[in-house]
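All remarks here apply to the structure that follows.
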Amino acid sequence: MKLVRHWFSVVLCITLGLFAQAEAQPEGASAIKTAKVRTAIFAGGCFWCMEPPYDKLPGVLETTAGYTGGKVRNPTYEEVSTGNTGHAEAVQIKYDASKISYAELLKVFWHNIDPLDGGGQFCDRGNQYRSEIFTTNEQEKNLALLSREKMSKKFRQPIVTKISNASIFYPAEQYHQDYYQKNSLRYKYYRFRCGRDKRLKELWGEAAPADK
């Protein structure tokens, strides 16, 4: 009888422990664990401006501003700003592929850049502000190529946006993350002075899909 009580106590403790662990999980943690998480990386000029369109999309779990495409390890903002590192300002997007597709992310990408500008993006000039799609597998590469071909039919000028294999993505300094939320007024002023929205309207005839 004592042995039976002992095992009953063990089972009860384990069961209660599992319930407690489940209740202790942060809100949304279980959803992220069960999500079909994928990663996309896009460069479209100033990374401050590339986070907002994706943060608004259902199925996007998080965005991170950072640097990629170059050979310098652990670059700083100051180093990348010189244009000598080979890195571009970029945004890394983690998303639930069961809720939003890579093709949809590509559509938002195109409508938030100037694909005809090979010298930078908007008021930001230099290779570090180039537009580029960094693919992580063949499927992404094929989808990116198809989307670029489709977009090329909209313009008389050639599209100069590159499609490259993804390399190491380095998150930018913390003060750059979610800059549009932390420094709302400065962000809006910068975006206006840079002429980003004006140019996007000239190119696409309307606001970007995620900005409507």
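Computed from a predicted structure; not experimentally measured. The first residue of the sequence shown is numbered 1, and numbering continues consecutively from there. All values below come from the heavy atoms of this structure, side chains included, with hydrogens, waters and symmetry mates left out.
- The CG atom of L146 sits 10.0 Å away from atom CG of L106, with the distance rounded to the nearest 0.5 Å.
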For the pair N112 and W204, evaluate side-chain contact (heavy atoms from CB on, under 4.5 Å) and give the outcome as yes or no after the intermediate values.
-> CA-CA 9 Å; N112 278 277; W204 306 107; over 6 Å; no
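- Residue pairs meeting the disulfide (SG to SG under 2.5 Å) criterion with at least one partner in residues 103-173, sequence neighbours excluded, are C123-C194.
- With a 4.5 Å cut-off on side-chain heavy atoms, V37 and Y95 do not count as touching.
- For the pair Q92 (side chain) and T63 (backbone), a donor-acceptor distance under 3.5 Å is absent.
- I100 is listed as a side-chain neighbour of L105, based on a closest heavy-atom distance under 4.5 Å.
- Residues that satisfy the side-chain hydrogen bond (donor to acceptor under 3.5 Å, both in side chains) test with E62, not counting sequence neighbours, are absent from this structure.
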Candidate pair E104 and K107, rule salt bridge (charged side-chain N to carboxylate O under 4.0 Å, His left out), full reasoning = CA-CA 5 Å; E104 290 174 292; K107 182 179 179 181; over 6 Å; no
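- For the pair E51/Y180, a side-chain contact is recorded, criterion being any heavy-atom separation below 4.5 Å from C-beta on.
- F47 and Y67 have tilted rings, their planes meeting at an angle from 30° to 60° on a 0 to 90° scale.
- The distance from the NZ atom of K99 to the CG atom of L57 is 13.0 Å, given to the nearest 0.5 Å.
- Pairs of residues two or more places apart, or lying in two chains, never qualify as disulfide (SG to SG under 2.5 Å) while including a residue from residues 53-107.
- Here the rule is side chain to side chain contact (heavy atoms under 4.5 Å, CB included) with Y170, and of T76, V72, N74, T64 only N74 fits it.
- Counting heavy atoms from C-beta on, the side chains of Q128 and T85 never come closer than 4.5 Å.
- The distance between the ring centers of W48 and Y187 does not fall below 6.0 angstrom.
- Using a 30° and 60° split on the angle between ring planes, Y54 and F42 fall in the parallel class, below 30°.
- Atom NZ of K94 sits about 5.5 Å away from atom OG1 of T39, to the nearest 0.5 Å.
- A side-chain donor-acceptor contact under 3.5 Å links T82 to the backbone of E79.
- Atom CG in L200 sits 8.0 Å away from atom CG in D114 (nearest 0.5 Å).
- Here the closest non-hydrogen pair linking P53 and V108 is CB-CG1, 3.9 Å.
- Interatomic distance, L203 CG to F155 CZ, rounded to the nearest 0.5 Å: 5.0 Å.
- Under the side-chain hydrogen bond (donor to acceptor under 3.5 Å, both in side chains) criterion, the residue pairs touching residues 141-155 are W110-S147, with sequence neighbours excluded.
- The stretch residues 124-135 participates, sequence neighbours left out, in these salt bridge (charged side-chain N to carboxylate O under 4.0 Å, His left out) pairs: D117-R125, R130-E132.
- Checking side-chain atoms of E89 against main-chain N and O of G66 turns up no donor-acceptor pair under 3.5 Å.
- Under the side-chain hydrogen bond (donor to acceptor under 3.5 Å, both in side chains) criterion, Q121 pairs with no residue at all, not counting sequence neighbours.
- Nearest heavy-atom pair, T68 versus S167, reported as atom, atom and distance to 0.1 Å: OG1-OG, 3.4 Å.
- Between the NZ atom in K188 and the CZ atom in R186 there is a gap of 14.5 Å [rounded to 0.5 Å].
- Looking at Y175 and N183, their side chains never bring a donor and an acceptor atom within 3.5 Å of each other.
- Scanning both residues, G69 and H87, for their nearest heavy atoms gives N-ND1, 3.6 Å.
- In plain terms, the two heavy atoms of C46 and Y190 that are nearest each other are CB-OH, 3.1 Å.
- Checked by atom type and distance alone, the side chain of N127 never pairs as donor or acceptor with a backbone atom of G83 at under 3.5 Å.
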